[in-house]
**Q** 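Quick one: structure below, then a few questions.
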2 protein chains.
Amino acid sequence: MNNSEDVVDFVHNGHKRYLPHLSIDCVIFGYHDQQLKILLIRYHDQENWSLPGGFVERREALTAAAHRILYEKTRLTNLFLQQFYTFGDSPIRLDHIEIQNNHNKVYAKANVAISDDHWLSKRTLSIGYYALVDYQAVTITPEFLVEGYSWVDINSIPPLQYDHNEIIDKALVTLRSQIYQQAIGQNLLPEKFTLPEIHSLYESILDRQFDRRNFRKKLLALGLVTQLEERRKIGQHRSPFLYAFNPEIANKPFEAGAMTAF
Amino acid sequence: MNNSEDVVDFVHNGHKRYLPHLSIDCVIFGYHDQQLKILLIRYHDQENWSLPGGFVERREALTAAAHRILYEKTRLTNLFLQQFYTFGDSPIRLDHIEIQNNHNKVYAKANVAISDDHWLSKRTLSIGYYALVDYQAVTITPEFLVEGYSWVDINSIPPLQYDHNEIIDKALVTLRSQIYQQAIGQNLLPEKFTLPEIHSLYESILDRQFDRRNFRKKLLALGLVTQLEERRKIGQHRSPFLYAFNPEIANKPFEAGAMTAF
DNA sequence: TCAAAAGTGTTTGAGATACACCCATGT
DNA sequence: ACATGGGTGTATCTCAAACACTTTTGA
């Protein structure tokens, strides 16, 4: 929604197009500067940041909706995207007064008011999806009602709107448990990466330290990555080797317990 | 819903009481006769069996709704209940003709017809919950529209209505991955149980064999269970010792990797 | 006494963990 | 030359895996 007319149309006709009482919220993980980050957005006249989200079209498959919403925000397709939980317990999801008030501030920018029985004022459950994206590849799309975007370190997430902090917590727990079954790194790193890069990525995700030598040994023993002949120039210091994921091994879920530790 | 009037009221007024487009389906696991089983139900005039399910009241927390539905079916409270996925991709969940036809057969028993724009004819996403119950403790509650209940071995699940086979598959995958983080057995076994019982339970859930000696060693090493002094009389053969879960250890999630294998 | 199920201990090997010194690079 | 980060190998220890005979019980 890039202009005021689109927004007005959405407010007036969205209920015909989208399923009511239901939204999708996306926890978009990216990795940059040795830190695991999440993409947050701030809507017009809102103090708190939120997760990017959207609605499900009436005849759209749920997974397709999540991919569409992600595409609208990041212009990325074919990314790693996974549903992790559906949120419908928080008081904010039972009583809608706060949501209605916030909506009224946001949509004031397009001069529309949200009445008490408007479809956007109704109780809304949210289906949580998390995505792993290559930070560098994301193109933020400006939207009329969105005043700011920010990649925030997972250790410095501020208080967010509604139950979004809870959603992020659950996404992180899920991500951490998936890391031993899937080659998570593949989706967060560029095609070629150095050992220190993937090493510190895993340390960020799991929030603990691993021995450099053992970490490399394990990755190679699993056949997950291959060491290339190239090195990357990093200026002042010794040039580290580049590595790449082995698609055959990285693209299938690991056998039970293949990766239990580093 | 125990009689025709309740059903008629539900069909006519359910849309005021429940959220539209959304249901909860429950995969209820029980253990009996050395086999892991699932509780299925068959509605009036339906050929295929289904998962027990229900709807979410408009101002009811999601978790509360799941517990209520489970209680209505089994009369059990405080059971282990966990959300595992929300289903909205299957074609059956986009196009509702088949669902409407089936509903018309079912509700014919109460002499009500479901029109094309009736709330029960709309596209419905389903939130999947799985429950672990003590088989012996379940009291099946008869319902007007339900013609049969059955505990079915997970290895002999017949083709079910809609995408319910897919829901069960996902529940099983989730259960199997949770077994290493939670003392799953605690919810499926009576308070006191024998080693052969819990041994074969784990074999059923994970669909593989474990060495008796190693299995016992691991359980005791984790402190998960305690051997009691009592034995159980099992007739013709040697009386096995009884065991009980250690609540302090069994009730908290295991540390990462505590239980990676047997 | 026999059939069926339960009880029990030791050995082996794989893999996780711990650990420290040398090398490359630009300033 | 030096500061900074990158590269590499070995020894130990823990724990999973493999394995078979004896005991109990009622018919």
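Note on naming: letters A, B, ... go to the chains in the order of the sequence lines (proteins, then strands), and numbering restarts at 1 for each one. The figures here come from the full heavy-atom set of this structure, side chains too, leaving out hydrogens, waters and symmetry mates.
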**Q** I'd like to check the ring pair (Phe, Tyr, Trp, His ring centres under 6.0 Å) partners of Tyr43(B); sequence neighbours left out, ordered by chain and number.
**A** none
**Q** Could you list the residues that satisfy side-chain contact (heavy atoms from CB on, under 4.5 Å) with Asn165(A), not counting sequence neighbours?
**A** Ile157(A), Leu160(A)
**Q** Is the distance from OP1 or OP2 of dT25(C) to the nearest side-chain N or O of Ser239(A) less than 4.0 Å?
**A** yes
**Q** Output all residues satisfying side-chain contact (heavy atoms from CB on, under 4.5 Å) with Asp169(A), sequence neighbours left out; order by chain, then residue number.
**A** none
**Q** Which atom pair, heavy atoms only, marks the closest approach of Gly185(B) to Leu201(B)?
**A** CA-CD2, 3.8 Å
**Q** To the nearest Å, give me how far apart CZ (Phe215(A)) and P (dT8(D)) are.
**A** 15 Å
**Q** Mapping Lys233(A) and Gln227(B) onto DNA chain C by nearest heavy atom, which one lands closer to the 5' end?
**A** Gln227(B)
**Q** Between Asn187(A) and Gln182(A), do the side chains contain an N or O donor and an N or O acceptor separated by less than 3.5 Å?
**A** no
**Q** Whole angstrom is fine here: how far is it from CZ in Arg208(A) over to P in dA16(C)?
**A** 12 Å
**Q** Let me know the distance between CZ of Phe193(A) and P of dG6(D), rounded to the nearest Å.
**A** 15 Å
**Q** Strictly below 4.0 Å, N to O, side chains only: are Lys73(B) and Glu143(B) in salt-bridge contact?
**A** yes
**Q** In whole angstrom, give the distance that lies between atom OH of Tyr243(A) and atom P of dG6(D).
**A** 12 Å
**Q** Would you mind listing every salt bridge (Lys or Arg N to Asp or Glu O under 4.0 Å) that reaches into residues 156-166 of chain B, with sequence neighbours excluded?
**A** Arg93(B)-Asp163(B)
**Q** If the condition is ring pair (Phe, Tyr, Trp, His ring centres under 6.0 Å), which residues does His237(B) pass it with, not counting sequence neighbours?
**A** none
**Q** Could you work out, with ring pair (Phe, Tyr, Trp, His ring centres under 6.0 Å) as the rule, every residue matching His199(B), not counting sequence neighbours?
**A** Phe215(B)
**Q** At a cut-off of 3.5 Å, list every protein nitrogen or oxygen paired with a nitrogen or oxygen from nucleotides 1-5 of chain D, distance to 0.1 Å.
**A**
| residue | atom | partner | partner atom | Å |
| --- | --- | --- | --- | --- |
| dT4(D) | O2 | His237(A) | ND1 | 2.5 |

**Q** For DNA chain D, whose closest nucleotide is more 5', that of Gly235(B) or that of Phe241(A)?
**A** Phe241(A)
**Q** Which angle, to the nearest 10 degrees, lies between the helix axes at the two ends of the helix from dT1(C)-dA27(D) to dT27(C)-dA1(D), each defined by five pairs?
**A** 0°
**Q** Mind checking side-chain contact (heavy atoms from CB on, under 4.5 Å) for Ser150(A) and listing every partner two or more places apart, or none if nothing turns up?
**A** Trp49(A), Val152(A)
**Q** Under 3.5 Å, is there any donor-acceptor pair linking the side chain of Arg213(A) to the base of dG7(D)?
**A** no
**Q** Quick test of your reading: applying salt bridge (Lys or Arg N to Asp or Glu O under 4.0 Å), list the pairs with at least one residue in residues 187-204 of chain B, sequence neighbours left out, ordered by first then second residue.
**A** Lys192(B)-Glu230(B), Glu197(B)-Arg232(B)
**Q** Which residues pass the side-chain contact (heavy atoms from CB on, under 4.5 Å) test with Ala244(B), not counting sequence neighbours?
**A** Leu228(B)
**Q** In whole angstrom, give the distance that lies between atom CG of Asp211(A) and atom C1' of dT10(D).
**A** 12 Å
**Q** Please determine whether any donor N or O and acceptor N or O are separated by less than 3.5 Å between the side chain of Arg216(A) and the base of dG7(D).
**A** no
**Q** To the nearest Å, how far apart are Leu219(B) CG and dT8(C) P?
**A** 14 Å
**Q** Atom CZ of Arg212(A) and atom C1' of dC23(C): how far apart are they, to the nearest Å?
**A** 12 Å
**Q** Enumerate all atom pairs, one protein N or O and one N or O from nucleotides 10-15 of chain C, separated by less than 3.5 Å.
**A**
| residue | atom | partner | partner atom | Å |
| --- | --- | --- | --- | --- |
| dT10(C) | O4 | Lys217(B) | NZ | 2.7 |

**Q** Between dA24(C) atom C1' and Glu230(A) atom CD, what is the distance in whole Å?
**A** 18 Å
